[in-house]
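Okay, so here's the structure we're looking at.
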Amino acid sequence: LMTAKSLASKETVNGRCWFYSDDDDGISVYLNRELHAMNTVVAQLQTQFQDYLVSLYQQGFLDNQFTELRKLQDEGTPDFVAEVVSLFFDDCSKLINSMSRSLERPENVDFKQVDSGVHQLKGSSSSVGARRVKNVCISFKECCDVQNREGCLRCLQQVDYEYKMLKTKLQDLFNLEKQIVQAGGAIPQHFPSYTILRPDIRPCLDA
Amino acid sequence: MEVCNCIEPQWPADELLMKYQYISDFFIAVAYFSIPLELIYFVKKSAVFPYRWVLVQFGAFIVLCGATHLINLWTFTTHSRTVALVMTTAKVLTAVVSCATALMLVHIIPDLLSVKTRELFLKNKAAELDREMGLIRTQEETGRHVRMLTHEIRSTLDRHTILKTTLVELGRTLALEECALWMPTRTGLELQLSYTLRQQHPVEYTVPIQLPVINQVFGTSRAVKISPNSPVARLRPVSGKYLLGEVVAVRVPLLHLSNFQINDWPELSTKRYALMVLMLPSDSARQWHVHELELVEVVADQVAVALSHAAILEESMRARDLLMEQNVALDIARREAETAIRARNDFLAVMNHEMRTPMHAIIALSSLLQETELTPEQRLMVETVLKSSSLLATLMNDVLDLSRLEDGSLQLELGTFNLHTLFREVLNLIKPIAVVKKLPITLNLAPDLPEFVVGDEKRLMQIILNIVGNAVKFSKQGSISVTALVTKSDNRAPPDFFVVPTGSHFYLRVKVKDLGAGINPQDIPKLFTKFAQTQSLATRSSGGSGLGLAISKRFVNLMEGNIWIESEGVGKGCTAIFDVKLAISNESKQSGIPKVPANPQHVNFAGLKVLVMDENGVSRMVTKGLLVHLGCEVTTVSSNEECLRVVSHEHRVVFMDVCTPGVENYQIALRIHEKFTKRHQRPLLVALTGNTDKSTKEKCMSFGLDGVLLKPVSLDNMRNVLSDLLEHRVLYEAM
């Protein structure tokens, strides 16, 4: 097995370095190793991703609509969810700012504007599946209807808190996604099983 | 005149003499009178006396004679004339009757004599018949004995009991002194005394079989009288008996199983006989009678049959015992084999895990080491370590798999998986090597290839990886193409007619074509046999175990498929093709829609122009994404005015959000109605609303909307709605 030409050539593929030996054993070695490493890493990442996503649902951050959103993402629109979500967060921030301005002066509260803002927010959050945000909007709307400034302010604070929290969480989720893709795996689509490389698959390259 | 011999005396009779004459005559008369009386009396008594009239005649004669003598009494002295007359009459009568009687006797006496002879004859006959009846009775008795004997003999299947019973019964029936049975020894050269009636079993008493007396007995089926001094008969202690009883010997054929033909009676040409010797009691004048001999012969035959039955039974029981023993032994062997297999499997399983763990550690750490800074010598060493351990790991796995495959204990693990993704994953794995080796790889998936299938994903991947890996390994240049398609039949020969795959199964065909080293067509059959490696393939010793294709073939067979390799020769590349049977998964995308055909959205809605009006940017984007995913061509507007401006007859459906408070949204519907006077040109109008109570519905209807949808809309919902809408042009149920 000791060959004279076993000095490896170094190549860069996909941003990673492969040490490749110019014989058949090298291919076996590579595949075995890669598969093994990949499987471990990818499997871990995917598990992490799954668990995180499930926890978000369980904690009430996300609801079924988010699942629907994820369904709309395919090869043609690989960043659909990220785009929608980022638009949503931008929207949130804008609306919250404007509502905050409206509620600033206690004697001159434009409840109509606040109401429309809340309405928008509610619509956006339900389109995206941001459950907690949506729930807060519902109570926000009630406060608005009775023109309760204190209540509105409280709700506004809560909305702000919730959307920022969700933003952080989703950021983490997208990061995990990116890592998985970089490691060469596939994003888990379905709950609870997912098609990924099995850890114990190994190639038989010897004919 | 003087009839009787009485002489009348001339002189004056002596008084005494006259007295005596007087008395005698008197007694004669009395006798003469009493005789007929007696005769009459006895004749009356007897019923059968044919000659009555003879008696009458005789009686008359006697009476008259008596009368004469009586009358004579009176003629001794002077008598009167009357007396003389009576006397004369009597005498005359007597004369007549006597003559008549004399004449008659001539006729009668021969008859009487013949009666006598007949009587004698009958008596003799009676005596003879008595004798004969005695004989018959004896014979009947004998027959009864035979029947009973036979019954006794045949009522048991035990050989010893049969023989013992025979001797006992014979002894009893014929009142024998001794009865013995000589059986031939195994060698067939001697007769051994096996059973005796009265004596205790003597020790190993044998006689040679070739004695003349024995030959004589064996030569005939009859019972033969033999001399009491012959060796076979010298059983009793000779103790002063000067007249030994007669001895008879008879042969008893020992029939074998093979003697019983189906159609024939058992052949008595068998050479094996036993000898039965029967001895009458000594000092008795008894002789062997014919019927006794016949009895003995019959019994001998019966014994032969009974013995053969017993022999058959013994053999069959022996055979059965043997079979039972064999069964038990086989059972034990089977259980041992099972235990052995279980032990081996356990061992393999444990060893598998135990061996894999350190192996993985070695591989992983060696790989990590390889990526650090190393001197060339160190690199060389590390690479060698990696290569060896990697090959060892492969070998271990292959051996384990193969052993389980050959056992038949390997079962496919079926599950639902994405077929398209599988191919892409394999290619992703191989791509780096192919890139480095500068072998472009292309993947062609047939458009009708199902996406979600049910099968053993892991093993299918193993097969594809193996084949594609081989293609890469043995190609130095050229391109590699991987094609996956649905094949209609499972042989490579084109069938005469196409068979539609049954149920929801189909055959996946994968073709991997490379332009590499190629294979000599003669070597192709050897490829799939394990441990065989052709020299033309390995230009260098690759050290492989040669199991890869063998395992792949077994997996393919497990999946009810076929695998083969086509090559035009060395240096001309080769194509590996395999078919496997997979099932189409019912669930697609886990949405629970039954029987959705592949990519239905594109079929129904491809290029469908729709307009989405929503003031909320996020919600607008989501709706647009939804419709785009379904294949529609979507235009978005964010205000009513824009909507009115943009809407045209090309748009089939307009989705308008009516959530924002205000009635103006519904006005849009009216305006659109105004714009499109002709009904067929007007797009369908669907409201997207947040609440679906009756008032909203009624409002929508009143404003001329064709449908209402509850936000947020799910993918399936939208799909259904669109198809219903386009079909019916109206929709008020999608809530």
Side-chain angles (χ1 to χ4, degrees), chain A residues 1-3 6-9 11 13-14 17-21 23-38 64-65 68-69 71-72 74 77 80 83-84 87-88 91 116 119-120 123-124 126-129 184 186 190-191 193 195 197-198 200-207, chain B residues 360 363-364 367 370-371 376 379-380 383-384 386-388 390-391 393-394 397-398 417-418 421 425 428-429 432-433 435-436 457-458 461-462 465-466 469-470 472-473 527 537 540 542-549 551 589-590 616-619 621-622 625-626 629 659-661 711-712 714-715:
Chain A
L1 290 172
M2 306 253 294
T3 61
S6 65
L7 193 41
S9 37
E11 300 278 352
V13 177
N14 290 351
C17 288
W18 307 118
F19 285 100
Y20 163 69
S21 302
D23 62 0
D24 307 326
D25 296 336
I27 299 178
S28 295
V29 170
Y30 156 72
L31 272 179
N32 273 334
R33 180 191 67 195
E34 279 312 303
L35 215 50
H36 180 77
M38 240 172 106
N64 209 21
Q65 180 58 19
E68 294 289 324
L69 268 191
K71 279 190 201 172
L72 304 180
D74 53 27
T77 53
F80 179 69
E83 282 169 12
V84 171
L87 183 64
F88 167 68
D91 239 18
S116 105
H119 184 90
Q120 286 262 27
S124 305
S126 61
S127 302
V128 163
H190 311 286
F191 297 120
S193 65
T195 57
L197 301 169
R198 296 274 191 274
D200 46 358
I201 293 178
R202 64 282 175 286
C204 315
L205 282 195
D206 318 288
Chain B
H360 281 162
I363 294 178
S367 312
Q370 206 184 35
E371 294 190 11
R379 186 160 299 284
L380 191 64
E383 269 182 22
T384 312
L386 205 47
K387 261 182 250 179
S388 314
S390 172
L391 288 168
T394 312
N397 294 330
D398 289 352
F417 62 96
N418 188 329
T421 316
E425 280 170 6
N428 279 343
L429 263 180
I433 311 175
V435 164
V436 164
E457 182 193 7
K458 166 178 149 188
M461 187 180 206
Q462 220 170 324
L465 209 49
N466 187 11
N470 279 346
V472 168
K473 181 176 172 188
L527 282 172
L537 285 182
R540 307 166 199 147
S542 61
S545 64
L547 285 178
L549 273 180
I551 292 189
K589 312 224 176 211
Q590 275 207 345
N616 187 320
V618 173
S619 146
M621 192 175 180
V622 171
L626 190 59
H629 191 83
C659 286
T660 44
K711 273 169 73 170
S714 74
L715 186 61

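Residue numbers begin at 1 in each chain, while the letters A, B, ... track the order of the sequences.
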Legend entry - Which portion of A:L72 sits near chain B, non-hydrogen atoms under 4.5 angstrom: both

Legend entry - Which portion of A:S124 sits near chain B, non-hydrogen atoms under 4.5 angstrom: both

Legend entry - Residue list, side chain to side chain donor-acceptor pair (under 3.5 Å) with B:S714, at least two apart or on another chain: none

Legend entry - CE on B:M621 to CG on A:D91, rounded to 0.5 Å: 11.0 Å

Inset, instruction - Could you tell me the separation between the CG atom of B:L715 and the NZ atom of A:K71, rounded to the nearest 0.5 Å? - result: 6.0 Å

Inset, instruction - Looking only at non-hydrogen atoms, find the nearest pair between A:F88 and B:V618 and report the distance. - result: CA-CG2, 3.5 Å

Legend entry - Largest heavy-atom contact set with chain B, pairs under 4.5 Å, which of A:S126, A:S127, A:S116: A:S127

Legend entry - Gap separating the NE2 atom of A:H119 from the CG atom of B:N616, nearest 0.5 angstrom: 8.0 Å

